Trainee: 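Have a look at this one.
Quick caveat, the model's predicted, so the values are computed rather than measured. Chain identifiers are assigned alphabetically (A, B, ...) following the order of the sequence lines, protein sequences preceding nucleic acid strands; residue numbering begins at 1 within each chain.
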Number of protein chains: 2
Amino acid sequence: MQTDTERNFKDKLYEQFARIGKSLSNPHRLEILELLAEGERCVEDIAEITGTTIANTSQHLGVLRASRMVEIRRIGNNINYRLADENVFYLLQSLRALGETRLAEIDRITRDYLEDRASLRAVTASELADELVNGNVILLDVRTVEEFQEEHIQGALSMPMETIENNLYNLPKSREIVAYCRGPYCVLSDHVVAYLNTQGYSARRLSDGYPEWKWRGFPVEIGGKRLDA
Amino acid sequence: MQTDTERNFKDKLYEQFARIGKSLSNPHRLEILELLAEGERCVEDIAEITGTTIANTSQHLGVLRASRMVEIRRIGNNINYRLADENVFYLLQSLRALGETRLAEIDRITRDYLEDRASLRAVTASELADELVNGNVILLDVRTVEEFQEEHIQGALSMPMETIENNLYNLPKSREIVAYCRGPYCVLSDHVVAYLNTQGYSARRLSDGYPEWKWRGFPVEIGGKRLDA
DNA sequence: CAACTATTTTAGAAAATAATTGAATAGGTT
DNA sequence: AACCTATTCAATTATTTTCTAAAATAGTTG
C-alpha cells in the first residue's frame, strides 16, 4: 500500500517539523518565546526575566535559533533576539488556545493567579482598533516607562501602574478607558482596570495585551518610529 | 521586579503548555496527529500506516492522550483514536505553516517529492464550498473506497485514483473538476489532476485536502450520515 | 591593539525519553 | 464462563535533553 519513497518522504518531513516541536517542548523556551513576542531582548535580560542563568538561556536560544523560530541582531555589545516572523506568534497562539481549552490544569492555575479577571470587561485588538479611529477612547499603556519607550501601541499614553493614582486628574470620566500590558498572563492591566472602575471610570482591558496587537499588524511605534499596518 | 508568586505562576503555567509541546516533539507523533486529522483510526492501523510497531505506537498515543490532544472510543475489539477537537488541528496547521515558511529543508523535501504540484491549479476549502453551492463543479474523492465510506466531503464522488482511466466517459468535459485526497502531503490528487488536464479537462486540486475541509466545519458525511457546518 | 563585555561553547553528570521485547489485561465474542 | 484479540504495561537498553561551572570567543570600546 505504501511505497518506500513515500515512507522516506514522510520520515524526512516529520523529522523536520519535529525540530519546531522540540523547540516547544521545554517550559523555559516557551516562556522565552512569549517574552520575545513582546519585543526583542538581549540574552542577559531574557535570563533575568525568566529566572535562569545566562549560559542556560543562551543554550535555549540556540535551540530556538536552530529551528529558525528566532533571529538575532547585534546592538552595541548586546545580541538581541526576536521572533523570526508572525507565524511564530500564531503558532504560540494556537498552542495557548489548545492548552486553555483542553488542559484543566491551566484553567486552574490561571484562575488562581488571575483572580478577578473574569469580572473585568475586555476588548479585542480589532475592536479597539475601531474604537481608536472613532476617537472616544483613552488608551493606557500600564507597563514600565522603558517598555513603553521601546515600543507601544500608536496613540497610547504611558501610565505605569504605580503612577495611576497620582494621575487621575488627567483622566476625564467622560471618556472610555482601555488599559493594556504585556500579554494574556500579565496582571498589570487587570489591577488598573479594577482600580479605575472603583473610581467611577468605565474601564476595560485589552484582551491579549500588546503582542497580539503588534503581530496582527495594528499600528505601533517602535523606538519612536511609527509603523502602520 | 518580579514576585515569587509571579515566578511560581509562570513556572507552573509553562510547564503545562510544555506538555503539549512535548507531544509535538517527536516525528512519529506528528505523523500520527496528521493521520488522525483525516479521521479516527485504531492502533493497529496507525501502526501499519506510520510504519512502526503496535507497542511503540501505543506508547506514543499514550503521550498524546496524556496531553489531551487525542481521545479514544471503543468499537468492538478496537480502540479508535481521534483528535480531541478542532484546536488540535489548528495547532497542527500553525506548525505546518511555520515549518513551510521558515525551514528551507521542508521546502526542499516537499519540492523533491511533490514534483509538479507547482504547475497545478489549487482551490481553497472556502472557495470550493462556494463553487459547490453554485453547482458547476464535479468533486472527486480520489482516496480508497474504504476511506470514502468512512467519511468524505458532502457531494463528492468516490473515484479512487486507479479507476479514473476507465471512468472518463462519466466525466463531462463541460464541467470544472476538483479532486481531493488525504492532506497537503498526499500526491493522489496531484496525479489525477495532472492526468485529467492532459485529457482536456479543466481540473484543480483542493489545496489542503480533506482534513482542512472537515475541521473548518464544511459539510461532510461520516459513516453515511450527513453532518453540516 | 589591548581590554572589556556579552555571549557562546565545552564537558560532564543527572534526568528524561524512545524503542524493543515479552508478558499482562480488558473487552468483546463464542 | 472460557476464549480471543487488540491494546497496554513493564523492564531494559540506547539515546537525547537539561543544567552547571568553567573556559573560550567575538565584537566593541577605549
Side-chain angles (χ1 to χ4, degrees), chain A residues 7 10-12 14-33 35-36 39-82, chain B residues 7 10-12 14-33 35-36 40-82 150:
Chain A
R7 176 94 318 268
K10 295 211 164 159
D11 284 347
K12 286 194 290 185
Y14 290 110
E15 187 190 324
Q16 291 302 318
F17 282 114
R19 289 169 60 192
I20 297 173
K22 284 196 179 104
S23 285
L24 301 175
S25 71
N26 178 286
H28 290 311
R29 285 199 290 270
L30 292 179
E31 186 173 359
I32 290 172
L33 287 170
L35 177 62
L36 295 181
E40 59 176 48
R41 301 269 191 172
C42 67
V43 181
E44 194 181 356
D45 287 357
I46 297 170
E48 202 205 315
I49 295 171
T50 60
T52 49
T53 65
I54 291 177
N56 193 204
T57 300
S58 175
Q59 293 194 71
H60 285 307
L61 288 167
V63 173
L64 292 173
R65 207 147 87 91
S67 64
R68 307 287 154 79
M69 298 181 76
V70 304
E71 289 178 336
I72 62 174
R73 180 167 81 108
R74 189 172 262 278
I75 301 198
N77 260 332
N78 293 305
I79 293 179
N80 274 18
Y81 280 78
R82 60 178 176 218
Chain B
R7 176 97 315 271
K10 294 210 163 157
D11 284 347
K12 286 193 291 187
Y14 290 112
E15 187 190 323
Q16 291 303 317
F17 282 113
R19 287 169 61 193
I20 298 172
K22 285 197 178 101
S23 285
L24 302 175
S25 71
N26 178 286
H28 289 312
R29 284 198 291 268
L30 291 179
E31 186 173 0
I32 290 172
L33 288 170
L35 177 62
L36 295 182
E40 60 176 49
R41 301 269 191 174
C42 68
V43 181
E44 195 180 357
D45 287 356
I46 297 170
E48 201 204 317
I49 295 171
T50 60
T52 49
T53 64
I54 291 178
N56 194 201
T57 300
S58 174
Q59 295 199 78
H60 285 309
L61 288 168
V63 174
L64 292 173
R65 207 146 88 91
S67 63
R68 307 286 154 76
M69 297 181 76
V70 305
E71 288 178 337
I72 62 173
R73 182 167 80 108
R74 189 173 264 277
I75 300 196
N77 260 333
N78 292 308
I79 293 180
N80 273 18
Y81 280 78
R82 60 176 175 218
E150 201 69 47

Trainee: Strictly below 4.0 Å: does B:His60 bring a side-chain N or O up to OP1 or OP2 of C:dT17?
Mentor: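 Negative; the distance criterion is not met.
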Trainee: In whole angstroms, how far is the P atom of D:dA6 from the CD1 atom of B:Ile72?
Mentor: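 In whole Å, D:dA6 P and B:Ile72 CD1 are 17 Å from each other.
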Trainee: Please classify the nucleic acid contact of A:Ile54 as base, sugar-phosphate, or nothing, using heavy-atom distances under 4.0 Å.
Mentor: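 Counting heavy atoms under 4.0 Å across all strands, the contact made by A:Ile54 includes a base.
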Trainee: In whole Å, I'd like the distance from the CG atom of A:Leu64 to the P atom of D:dT18.
Mentor: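 The answer, rounded to whole Å, is 11 Å.
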Trainee: Decide side chain to side chain donor-acceptor pair (under 3.5 Å) for A:Ser23 and A:Ser67; before the verdict, give the C-alpha distance in whole Å, the side-chain angles of both, and the deciding distance to 0.1 Å.
Mentor: CA-CA 7 Å; A:Ser23 285; A:Ser67 64; 2.7 Å; yes
Trainee: Given D:dT20, C:dG28, C:dT20, which nucleotide is nearest the side-chain atoms of B:Asn77?
Mentor: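 Side chain of B:Asn77 sits closest to C:dG28.
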Trainee: Return the residues of residues 15-33 of chain A meeting this criterion: a heavy atom under 4.0 Å from some atom of DNA chain C. Order them by number, or give none.
Mentor: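 By residue number: none to list.
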Trainee: Can you find a side chain N or O atom of B:Tyr81 that sits less than 4.0 Å from OP1 or OP2 on D:dA6?
Mentor: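 The answer is no; no side-chain N or O of B:Tyr81 sits under 4.0 Å from OP1 or OP2.
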Trainee: Classify the nucleic acid contact of A:Thr57 as base, sugar-phosphate or nothing, counting any heavy atom under 4.0 Å across all strands shown.
Mentor: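 A:Thr57: no heavy atom of the nucleic acid under 4.0 Å.
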Trainee: Could you give the CD1-to-C1' distance, from A:Ile79 to D:dT25, as a whole number of Å?
Mentor: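 Rounded to the whole Å, the gap is 11 Å.
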Trainee: Take atom CG of A:Asn56 and atom C1' of C:dA15, then tell me their distance rounded to the nearest Å.
Mentor: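 Value for this atom pair: 14 Å.
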Trainee: Take a 6.0 Å sphere around CD of B:Glu150 and say whether it holds more than 12 heavy atoms from other residues, nucleotides or ligands.
Mentor: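 For B:Glu150, atom CD is not crowded (no more than 12 foreign heavy atoms under 6.0 Å).
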Trainee: Could you tell me whether the side chain of B:Gln59 has a donor or acceptor atom within less than 3.5 Å of a complementary atom in the base of C:dT20?
Mentor: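 It does, because a donor-acceptor pair links the side chain of B:Gln59 to the base of C:dT20 below 3.5 Å.
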Trainee: So, are B:Glu48 and B:Arg41 salt-bridged, with charged N and O less than 4.0 Å apart?
Mentor: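 Judged by the 4.0 Å cut-off on N to carboxylate O distance, B:Glu48 and B:Arg41 do not form a salt bridge.
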Trainee: Specify the closest pair of heavy atoms between A:Asn77 and A:Arg74, including all atoms of both residues, with the distance to one decimal.
Mentor: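 Heavy atoms of A:Asn77 and A:Arg74 come nearest at O-NH1, 3.7 Å.
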Trainee: Evaluate the side-chain proximity of B:Arg19 to B:Gln16: yes if any heavy-atom separation is below 4.5 Å, no if none is.
Mentor: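 Yes, side chains in contact.
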Trainee: How many angstroms lie between CZ in A:Arg7 and CD1 in B:Ile49, if you round to the nearest 0.5 Å?
Mentor: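 Here the rounded value is 9.5 Å.
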Trainee: Just compare C:dT8, D:dT8, D:dT7 and give me whichever is closest to any side-chain atom of A:Val43.
Mentor: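 Of all the options, the side chain of A:Val43 is nearest to C:dT8.
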Trainee: Give a yes/no answer on whether the side chain of B:Asn78 brings an N or O atom under 4.0 Å of OP1 or OP2 in D:dA6.
Mentor: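 Negative; the distance criterion is not met.
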Trainee: Select one nucleotide: of D:dC19, D:dC9, D:dT7, the one nearest the side-chain heavy atoms of B:Ala55.
Mentor: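 My answer, after comparing the listed nucleotides, is D:dC9.
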Trainee: D:dT7 P sits how many Å from B:Ile75 CD1, rounded?
Mentor: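 Rounding to the nearest Å, CD1 of B:Ile75 and P of D:dT7 are 11 Å apart.
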Trainee: Take atom CG of B:Leu61 and atom C1' of D:dA6, then tell me their distance rounded to the nearest Å.
Mentor: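 Rounding to the nearest Å, CG of B:Leu61 and C1' of D:dA6 are 13 Å apart.
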Trainee: What is the distance, to the nearest angstrom, from the CD atom on A:Glu48 to the P atom on C:dA6?
Mentor: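 For the pair A:Glu48 CD and C:dA6 P, the rounded distance is 13 Å.
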Trainee: With B:His28 as reference, evaluate B:Leu33, B:Thr52, B:Thr57, B:Ile46 under the side-chain contact (heavy atoms from CB on, under 4.5 Å) test and give the passing residue.
Mentor: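 Considering B:Leu33, B:Thr52, B:Thr57, B:Ile46, a side-chain contact (heavy atoms from CB on, under 4.5 Å) with B:His28 is found only for B:Thr52.
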